[in-house]
Amino acid sequence: MMTNHVLARHSKWRDALVLHLRLADVPGDRIGEILLEVESHVAETGETPQEAFGDAKSYATTRAEPHHDDLPERGIDIVRQVLLPGLGGFLLAIGSLRLGSGELLSGAIMGIIGVALLVFTFATIADDPVRHPQSGQPLMPWQTPRGLWTFMAGFWVIAAVVNFFLGRMWG
Amino acid sequence: MEEITWPPEWTRATLSQTALAIIGAEGTTYGYRILQRLEAAGFGKVKGGTLYPILARLEAEGLISSSWGEGEGGPGRKFVSITDAGRAEIARSATRWQEFATLISTIWSGDRSKEDA
């Protein structure tokens, strides 16, 4: 049995809760349990999630693992999940611009390093989907760290293509 | 019936042990049922957003265990059960609470006869 139908009527609250639980490094399996607790409670009481659990961000804070702010693990996560792919996307965009304007060697090197950093991030980031605690089925297949990075990488690739043609126009 | 309201700092301080005691009395129960029991017993209304994090903490401390089962025509229901460690904690807390309540009552009554000289 998989539902999430009750919370589908409160998708804004649910999505905010999942987002803030993700930001607090709560594992996907645990998020699934928290979601089903909320859904079960809302179905039985007739209350809205806002009435029963308050603001989604505040509730996520009360359910976060107490060690989620620990350093240096948090710092390593930020470097691995934010800075490295950010640098990769930047290099890919600048490299494409240079390739388009005829600077083949520097453009190719920057582009290759950029793609490598993006691929490295995708390969090393845990997929960790939000799972239903009973069936084990993913509840929100695209709302995973990998899904998010796929979406962002798409932006970087589009930016690279646009930059390549801009480079050709200006070069 | 007039709604009972206790000072929030009292209910905050005692909710965890009170919820544990209800789980201990029922053996196995679930979140909404605990909230109903709290209100029926005169503890007052408690929100789900307050109770469920407490249940998660009690489980992390090994005082209760949990399992998912079927709800009544709705989504799954999370059942919680008391553990041996939970029963021991209820007994320990009940004794300590009696001592504390007696102490507070004595102080509040203005009786200074039990103070050390």
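Chain naming here is simple, since letters A, B, ... match the order of the sequence lines and numbering starts at 1 in each. The figures here come from the full heavy-atom set of this structure, side chains too, leaving out hydrogens, waters and symmetry mates.
- The number of heavy atoms from other shown groups lying within 6.0 Å of CZ (Phe90(A)) does not exceed 12.
- Heavy atoms closer than 4.5 Å to chain B are found nowhere in Glu47(A), neither backbone nor side chain.
- Panel note: side chain Thr83(B), backbone Gly62(B); a donor-acceptor pair is recorded below 3.5 Å.
- Of the listed residues Ala56(B), Gly48(B), Gly31(B), the one with more heavy-atom pairs under 4.5 angstrom with chain A than any other is Gly48(B).
- The choice from Gly54(A), Ala43(A), Pro133(A) that makes the most heavy-atom pairs within less than 4.5 Å of chain B is Pro133(A).
- The minimum heavy-atom distance linking Ile82(B) with Leu63(B) is given by the pair CD1-O, 3.7 Å.
- Residue contact with chain A, scored on non-hydrogen atoms closer than 4.5 Å, is absent for Leu55(B).
- Between Phe53(A) and Trp13(A), the ring-plane angle classifies as tilted under the 30° and 60° cut-offs.
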